[in-house]
Protein chains: 2
Amino acid sequence: MLVSVQPGEPMKVMPAPSRRNAAAHPCEQCFQSRFCLPIALPQDELACMRDIMQATVRMHKGEALFEAGQPVSKLYSVHAGSFKSVVGSPDGRQQIVGFHVAGELMGLESFAMRTFATDGVALEDSEACEIDVGTLERHAAASPALLHQIHGLIGNRLACAQQNQFALGSMHAEERLARFLLDLSQRYRARGLSPDAFVLSMTRQDIASYLGLKLETVSRLMTRLHRDGILQVEQRRVRITNRDGLTALLAPPGH
Amino acid sequence: MLVSVQPGEPMKVMPAPSRRNAAAHPCEQCFQSRFCLPIALPQDELACMRDIMQATVRMHKGEALFEAGQPVSKLYSVHAGSFKSVVGSPDGRQQIVGFHVAGELMGLESFAMRTFATDGVALEDSEACEIDVGTLERHAAASPALLHQIHGLIGNRLACAQQNQFALGSMHAEERLARFLLDLSQRYRARGLSPDAFVLSMTRQDIASYLGLKLETVSRLMTRLHRDGILQVEQRRVRITNRDGLTALLAPPGH
DNA sequence: CGTTGTTTTGATCCTCATCAAAACTTGTGG
DNA sequence: CCACAAGTTTTGATGAGGATCAAAACAACG
């Protein structure tokens with residue numbers, strides 16, 4: 001999914017503060033197809049996108065694009081691969097609060113804040129486009145359309161976080177997993193990929209963390225959904241074979 | 001806490017779509033003391049606040065200031081009393097995702113979105129200042145300082161939502177309650193009120209919903225904290241008698 | 001002062017966590 | 001290329017935290 005690293009630079013897979021490889025400019029797709037930045041602008045304002053998106057960074061699996069506490073100067077748009085947003089507590093526990101696949105924006109939660117609130121960690125070898133916050137704000141001040149789009153993105157993110165709160169607080173384990181899979185499916189569809197068959201880029205542990213469960217529970221639930229003919233699961237390959245059955249899990253009889 | 005309603009208008013306590021009582025203009029405090037709108041601007045830009053904050057609405061306990069699905073045209077700043085933000089699901093379950101006391105902004109999660117994502121319901125008889133979104137956006141476009149402050153507020157709200165996700169997904173019941181009480185305490189302190197003694201404006205049921213628990217569990221935990229000498233609880237009056245003990249609950253030995 | 005909603009407390013149950021171990025996958029170095 | 005090491009996933013047995021069911025004490029309200 002990612003072009004191989006140039007020879008000479010050893011590939012560290014463990015999370016390390018090592019500096020990442022930055023290309024000089026993002027790909028043309030970023031401007032043409034809205035693939036990198038989910039923002040639609042009138043033709044005559046498209047030029048500013050070139051200004052906003054300044055570089056592409058390549059991350060190895062497990063590396064952090066940014067870390068909680070760091071000053072915010074960039075946002076990131078996922079160009080290839082996928083990332084997770086992780087919040088940590090002083091006592092060392094941590095929880096995943098979001099996943100980001102290609103075409104989605106990361107770091108929005110930290111927009112206009114001094115420091116990042118989460119770690120942004122690559123789930124696999126990935127690429128992200130850097131977006132300078134200052135430049136973005138400058139352009140946004142001049143373009144109401146751009147500003148409005150950004151606010152829409154932030155609003156969506158907030159609504160999403162509230163839905164997550166609902167899921168974690170009110171849903172049972174099986175419902176949470178069903179919601180997670182349907183959400184992922186929907187996002188792949190938005191990317192133009194198959195909504196029924198996809199490969200999970202995160203471990204059972206990651207899914208469990210996101211859903212407020214333990215990895216054994218997630219594994220058991222996957223197995224159960226497979227047995228019930230709702231999914232075909234083999235390792236990280238998933239195929240939704242009975243979407244209605246999966247959807248039905250969201251409104252359990254007990255409530 | 002709220003001036004009495006004028007005679008002649010019957011007071012409905014049950015949640016009803018009845019129209020609320022709107023005063024012509026917000027109080028002077030809103031501009032002078034940043035009490036109503038937690039935004040600080042340079043002196044020469046303060047005038048626009050008068051433009052942004054157009055009216056004060058009075059809500060009775062249980063009434064909805066706005067409802068999920070309604071088109072967004074106003075934000076609200078709590079002037080007196082308190083509110084809860086509630087998300088609902090198709091099957092009728094609902095969960096509280098936030099509380100708002102005087103001096104805090106509501107509806108931010110819906111900024112720049114077409115429709116509200118939550119219900120905003122008064123926990124007691126309350127007052128809120130209406131803020132016209134269009135006017136606010138227009139002023140923000142002209143004032144980078146104002147825009148930056150708004151983004152900061154939104155960023156805070158998002159960070160808060162992520163912390164809630166962490167709490168719901170990773171914390172035990174007792175920790176969640178401790179966090180809730182300390183958070184509330186901190187917000188009362190920010191208002192200039194006592195951080196140690198306050199009156200909960202929400203029911204046990206509300207607290208339980210917010211924390212992803214059942215009301216019986218919340219009640220039992222309150223009793224336990226009282227027995228352990230950490231709190232004095234009688235009905236909704238709470239006094240924190242051992243803040244260190246309360247804080248210590250946030251980092252349990254088991255983890 | 002009865003009605004209704006809120007809170008407390010008790011007894012029991014169930015979902016999911018925990019502990020444990022084996023099957024399997026992936027990456028590494030000889 | 002194979003063998004070993006480390007990480008991931010599955011499955012089982014057991015336990016605990018919090019939910020559920022039930023009812024009484026208490027406060028608020030008309």
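Numbered from 1 within each chain, the chains take letters A, B, ... in sequence-line order.
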Measure the distance from CD on B/Glu174 to P on D/dA16 and round it to the nearest whole Å. 17 Å
Pairs where residues 176-187 of chain A contributes a residue and the test salt bridge (Lys or Arg N to Asp or Glu O under 4.0 Å) is met, not counting sequence neighbours: A/Glu104-A/Arg187, A/Asp183-A/Arg187
Distance, nearest 0.5 Å, that separates CZ of B/Arg189 from CG of B/Leu184: 12.5 Å
Check whether the side chain of A/Glu234 and the base of C/dC24 form a donor-acceptor pair under 3.5 Å. no
Tell me which donor-acceptor pairs under 3.5 Å the side chains of residues 224-235 of chain B have, and how far apart each pair is, sequence neighbours excluded?
from     : atom 1 : to       : atom 2 : distance (Å)
B/Arg224 : NH1    : B/Glu174 : OE2    : 3.0
B/His226 : ND1    : B/Val233 : N      : 3.3
B/His226 : ND1    : B/Val233 : O      : 3.3

Using the side-chain hydrogen bond (donor to acceptor under 3.5 Å, both in side chains) criterion, which residues pair with B/Ser219? Sequence neighbours excluded. none
In whole Å, what is the span from the CZ atom of A/Arg236 to the P atom of C/dT25? 13 Å
Calculate the interatomic distance between A/Glu216 atom CD and D/dT11 atom P; express it in whole Å. 13 Å
Using the C1' atoms of five pairs at each end, what's the angle between the two axes of the helix from C/dC1-D/dG30 to C/dG30-D/dC1, to 10 degrees? 50°
Using a 4.0 Å heavy-atom cut-off, does B/Thr203 contact any base of the nucleic acid, only the sugar-phosphate backbone, or nothing at all? sugar-phosphate
Among residues at least two apart in sequence or on other chains, which ones pass ring pair (Phe, Tyr, Trp, His ring centres under 6.0 Å) with B/Tyr210? B/Phe99, B/Phe180
Nearest-angstrom distance from the residue atom CG of A/Asp125 to C1' of C/dT26: 14 Å
Among C/dC16, C/dT7, C/dA17, the nucleotide that comes nearest once only the side chain of B/Ser219 is considered: C/dT7
Atom CG of A/Leu177 and atom C1' of C/dT15: how far apart are they, to the nearest Å? 15 Å
Roughly how far apart are A/Leu221 CG and A/His172 NE2, rounded to 0.5 Å? 12.0 Å
Within the structure shown, what part of the strands sits under 4.0 Å from B/Leu213 by heavy-atom distance: base, sugar-phosphate, or nothing? sugar-phosphate
How close or far is atom C1' of C/dT8 from atom CG of B/Leu200, stated in whole angstroms? 16 Å
Could I get the full list of side-chain hydrogen bond (donor to acceptor under 3.5 Å, both in side chains) partners for A/Ser85, not counting sequence neighbours? A/His100
Partners passing side-chain contact (heavy atoms from CB on, under 4.5 Å) against A/Val86 (at least two apart in sequence or in another chain): A/Lys84, A/Gln94, A/Ile96, A/Asp119
Whole Å only: how far is the CG atom of A/Leu215 from the C1' atom of C/dA20? 13 Å
Can you tell me how far apart CE (A/Met222) and CG (A/Leu181) are? Round to the nearest 0.5 Å. 5.5 Å
Might you list the N or O atoms of the protein lying below 3.5 Å from N or O atoms in nucleotides 24-28 of chain D, with each pair's distance?
none

Minimum-distance nucleotide (side-chain atoms of A/Thr217 versus C/dA17, C/dT8, D/dG18): C/dA17
Of all residues at least two apart in sequence or in a different chain, which pass the side-chain contact (heavy atoms from CB on, under 4.5 Å) check with B/Ser82? B/Val101, B/Leu123, B/Glu124, B/Ser201
Test of understanding: with side-chain contact (heavy atoms from CB on, under 4.5 Å), list the residues that count as partners of A/Ala190, not counting sequence neighbours. A/Gln186
Quick test: give all pairs of protein nitrogen or oxygen and nucleotides 21-23 of chain C nitrogen or oxygen below 3.5 Å, distance rounded to 0.1 Å.
none

Of residues 220-233 of chain A, the positions that come close to DNA chain D - non-hydrogen atoms, cut-off under 4.0 Å: A/Arg220, A/Thr223
